[in-house]
> 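First the structure, which I've put down as structure tokens, then a few questions once you've had a look.
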Amino acid sequence: MLQIQVIRENKEEVVRRLAKKNFKGLEIIDQIVQTDADRRSTQTELDSLKADANAIAKQIGEMMKSGKKAEAEDLKNKSTALKETEKALQERLNTAEAELEKLLVLVPNLPADVVPEGRLPEDNKTVFTHGEIPALYEGAQPHWDLAAKYDLIDFELGVKLTGAGFPVYKGKGARLQRALINFFLDRATAAGYLEVQPPILVNADSGFGTGQLPDKEGQMYHVTVDDLYLIPTAEVPITNIYRDVIVKAEDLPIKNCGYTPCFRREAGSYGKDVRGLNRLHQFDKVEIVQIQHPDKSYQTLEEMREFVAGLLKDLELPFRTLLLCGGDMSFASAQTYDMEVFSAAQQRWLEVSSVSNFEAFQSNRLKLRYREGSEKPRLAHTLNGSALALPRIVAALLENNQEPDGIRIPKVLVPYTGFDKIN
RNA sequence: GGAGACGUGUCCGAGUGGUUGAAGGAGCACGCCUGGAAAGUGUGUAUACCCCAAAAGGGUAUCGCGAGUUCGAAUCUCGCCGUCUCCGCCA
């Protein structure tokens, strides 16, 4: 959520920058400015009315003490009359505030200046590539066939237990999952991230805090009996740890990491995009989150990007880093890098990580602030990134490392898997 | 899940309808004191929004959250959330 002061004071600039994000509701900005003006004038009026009423109440109190009952009665009537106006104004203020919030929540974050123009994936800018695209032997298979061949993942069984998109990992397949999770967590910890194990169900306040609600309500599984949501990413509970918190400036950056399963309804997905591990309803991911001072958040974004790239290098996977264009970025992000690995049998790039700086967009919803000395609290910046999402990593590992006699495990993972070959 | 008790500021803790944003204490910050420290002592110590070009200053709201009663609520009523104790159940 953008800060109302920012919109109020820099309306032209906001409109201009939103255009890059392909935001079509520019008239919303006008409505916001107008609703805000109404809200403020109403509050001014209401506050002064309340001040009068408070003063009268105080006088009545003094009269009651000194026994001037009759005079107090007069004042009571006067105060009762004020209350009628007060009630109407209060309702108007409530309406204006609700309306303002409803509108503000519709406005996406402003993209950073370096974000390229464009609305399609083709407009994303490749800023880095690494590794050779492997030449596979004759008869190489896509990961879903390999998973069946070596009995690593049972998609059919998942359908029986739950439904499509909930695979069952077995044997070395399950072990590989565990190995990757541990490897990612160890690396994040070594990089200074504090590991946390958050709940994987969250309440509506948390969903709102990171921007999943109300914008993407349909993307989350909703446990209606208890009104809780299954998290689509650990970003939600981890970032919400800092909801309504004022941290000391010297404690920044705050670095947290965590492993959680993630749940996404993925309504509307179909075809080759969802084949095998490409898109699941439940998947595992290690997430890194930072709370940072506004002056340093872009430097931090680059560090996080480097960190994720380091993981992919160590896993010996060919990858590229994209700087997303305005139209392809998420609602809440100011700047996003996507990391994609090349899946050799499918001959396509698969997104395995998204690293973003949200600037103060999430903080504003979260009321996440930092304080410098004795100054007024100011909104902190939040950042997060996948480090990493497992299924597509597994897909690429299986496909790229397949050899006639089995699938080779990258060296860094062997201590975690306990085997160097799947056969 | 059932019964009961409770929920006050960074912390402890007073406060059952009338200048209470909230006594007192601790902690913290700054100053005095000291060779230095402790002790002592003085001052300060929430957040949001509104008015004001800004600062200064003023106003409103906030004692778990929300609604209500009242001229006036931390104090009374209702709902919700949470904590504790006992019972039940259980990994």
Side-chain angles (χ1 to χ4, degrees), chain A residues 1-11 32-105 197-209 213 223-229 237 240-251 254 360 362-380:
Chain A
M1 194 160 68
L2 292 177
Q3 292 165 265
I4 181 62
Q5 299 90 326
V6 171
I7 296 179
R8 191 194 299 153
E9 287 161 24
N10 313 286
K11 188 180 142 190
I32 286 173
V33 172
Q34 203 175 340
T35 307
D36 176 53
D38 185 42
R39 174 194 132 250
R40 284 184 295 147
S41 68
T42 306
Q43 182 174 342
T44 304
E45 216 178 320
L46 177 63
D47 280 357
S48 88
L49 199 71
K50 280 182 168 175
D52 291 347
N54 285 346
I56 292 174
K58 230 171 241 180
Q59 282 181 48
I60 293 174
E62 281 159 21
M63 286 175 177
M64 299 299 262
K65 266 188 194 160
S66 53
K68 297 176 191 161
K69 288 271 164 80
E71 288 175 50
E73 279 306 315
D74 285 350
L75 280 177
K76 273 194 195 179
N77 293 334
K78 198 172 157 192
S79 185
T80 308
L82 279 182
K83 291 210 71 174
E84 285 303 307
T85 327
E86 188 186 317
K87 201 176 169 189
L89 278 174
Q90 185 67 60
E91 268 166 30
R92 203 171 117 198
L93 181 62
N94 291 348
T95 307
E97 281 178 347
E99 177 68 13
L100 186 60
E101 165 114 354
K102 205 178 95 191
L103 291 168
L104 278 174
V105 144
Q197 236 181 65
I200 59 179
L201 274 79
V202 293
N203 58 30
D205 283 346
S206 293
F208 179 82
L213 295 175
V223 183
T224 50
V225 271
D226 294 304
D227 195 22
L228 296 171
Y229 296 85
N240 271 282
I241 290 173
Y242 305 97
R243 169 153 50 86
D244 292 320
V245 169
I246 300 173
V247 300
K248 291 196 204 106
E250 60 260 38
D251 291 338
I254 291 168
Q362 289 183 327
S363 309
N364 191 34
R365 289 182 168 212
L366 293 160
K367 300 286 169 272
L368 193 188
R369 290 161 294 172
Y370 70 96
R371 191 201 303 273
E372 208 116 35
S374 58
E375 287 177 16
K376 282 253 163 209
R378 294 200 295 152
L379 293 175

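Below, read A as the first sequence line, B as the second, and so on, with proteins coming before strands; counting in each chain starts at 1. Quick caveat, the model's predicted, so the values are computed rather than measured.
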> Using a cut-off of 4.0 Å on non-hydrogen atoms, how would the nucleic acid contact of R8(A) be classed: base, sugar-phosphate, or nothing?
sugar-phosphate

> Listed by chain and number, what are the ring pair (Phe, Tyr, Trp, His ring centres under 6.0 Å) partners of Y229(A), not counting sequence neighbours?
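Per chain and number, Y229(A) pairs via ring pair (Phe, Tyr, Trp, His ring centres under 6.0 Å) with H222(A).
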
> Could you please name the option among C49(B), G18(B), G59(B) that lies closest to any side-chain atom of A51(A)?
G59(B)

> Taking atom P of A48(B) as reference, at what distance in whole Å does atom CD of E101(A) sit?
17 Å

> Between C51(B), G18(B), U19(B), which one does the side chain of T44(A) approach most closely?
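Nearest to the side chain of T44(A) among the choices is C51(B).
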
> Donor-acceptor pair, distance only, cut-off 3.5 Å: does the side chain of S363(A) make one with the backbone of A380(A)?
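It does hold such a pair.
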
> I'd like the P distance from A37(B) over to C32(B), given in whole Å.
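Nearest-Å result for C32(B) against A37(B) at atom P: 11 Å.
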
> Could you state the CG-P distance from N203(A) to C65(B), rounded to the nearest angstrom?
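N203(A) atom CG is separated from C65(B) atom P by 16 Å.
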
> Under 3.5 Å for both donor-acceptor distances, Watson-Crick or wobble: does G79(B) have a partner, and if so which one?
C65(B)

> Both distances under 3.5 Å, Watson-Crick or G-U wobble: report the partner of A73(B), or none.
none

> Between A48(B) and K376(A), is there an OP1 or OP2 to side-chain N/O distance shorter than 4.0 Å?
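For A48(B), OP1/OP2 do have a side-chain N/O of K376(A) under 4.0 Å.
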
> Between C1' on A48(B) and CG on D47(A), what's the gap in Å once rounded to a whole number?
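Distance check: D47(A) CG to A48(B) C1' gives 12 Å.
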
> Strictly below 4.0 Å, N to O, side chains only: are E86(A) and K83(A) in salt-bridge contact?
no

> Take E375(A) and G61(A), find for each the nucleotide of RNA chain B with the closest heavy atom, and name the residue whose nucleotide sits nearer the 5' end.
G61(A)

> What contact category does N54(A) fall into here, base, sugar-phosphate, or nothing, at under 4.0 angstrom with non-hydrogen atoms?
sugar-phosphate

> Quick one: pull up CG in L379(A) and CZ in R365(A) and give me the separation to the nearest 0.5 Å.
13.0 Å

> From NZ of K50(A) over to P of C71(B), roughly how many Å is that when rounded to an integer?
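Rounding to the nearest Å, NZ of K50(A) and P of C71(B) are 17 Å apart.
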
> Which part of the nucleic acid, if any, lies within reach of Q90(A) when heavy atoms closer than 4.0 Å are counted: base, sugar-phosphate only, or nothing?
nothing

> Does C51(B) have its OP1 or OP2 closer than 4.0 Å to a side-chain nitrogen or oxygen of R40(A)?
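Yes, such a contact exists.
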
> For atom C1', what is the distance between C63(B) and A46(B), given to the nearest Å?
12 Å

> For D36(A) and R39(A): C-alpha separation, side-chain torsions, deciding distance, then whether side-chain contact (heavy atoms from CB on, under 4.5 Å) applies.
CA-CA 5 Å; D36(A) 176 53; R39(A) 174 194 132 250; 2.3 Å; yes

> Using atom types as modelled and distance alone, determine if a side-chain donor or acceptor of S79(A) lies under 3.5 Å from a backbone N or O of L75(A).
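A pair under 3.5 Å: no.
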
> OP1 or OP2 of C50(B) versus the side-chain N and O atoms of R39(A): is any pair under 4.0 Å?
yes

> Rounded to whole Å, how long is the line connecting atom CD of E86(A) with atom C1' of G72(B)?
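Value for this atom pair: 12 Å.
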
> side-chain hydrogen bond (donor to acceptor under 3.5 Å, both in side chains) with K76(A): which residues, sequence neighbours excluded?
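K76(A): no side-chain hydrogen bond (donor to acceptor under 3.5 Å, both in side chains) contacts found.
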
> Taking only the P atom of each, what is the distance from U75(B) to U19(B) in whole angstrom?
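About 14 Å, rounded to a whole number of Å.
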
> Can you see if the side chain of R371(A) gets near the phosphate of U47(B) - specifically, an N or O under 4.0 Å from OP1 or OP2?
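It does, given that an N or O in the side chain of R371(A) lies less than 4.0 Å from OP1 or OP2 of U47(B).
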
> It should be established whether R369(A) places a side-chain nitrogen or oxygen under 4.0 Å from OP1 or OP2 of nucleotide U47(B).
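No, outside the criterion.
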
> Provide the Watson-Crick or G-U wobble partner of G88(B), both distances under 3.5 Å; none if there is no partner.
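Per the H-bond distance test, none.
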
> In whole angstrom, give the distance that lies between atom CG of L100(A) and atom C1' of C49(B).
12 Å

> A61(B), OP1 or OP2 - any side-chain N/O from Q43(A) closer than 4.0 Å?
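No.
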
> Mind checking who C49(B) pairs with, Watson-Crick or G-U wobble, both distances under 3.5 Å?
G59(B)

> Mind checking the C1' distance from G17(B) to G72(B)? Whole angstroms is fine.
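Here G17(B) and G72(B) have their C1' atoms 8 Å from each other.
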
> Heavy atoms only, 4.0 Å cut-off, all strands: where does L75(A) land among base, sugar-phosphate and nothing?
nothing

> Tell me the interatomic distance from E45(A), atom CD, to C49(B), atom C1', rounded to whole angstroms.
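Result: 16 Å.
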
> Can you measure I56(A) atom CD1 to U19(B) atom C1' for me and round it to whole angstrom units?
15 Å

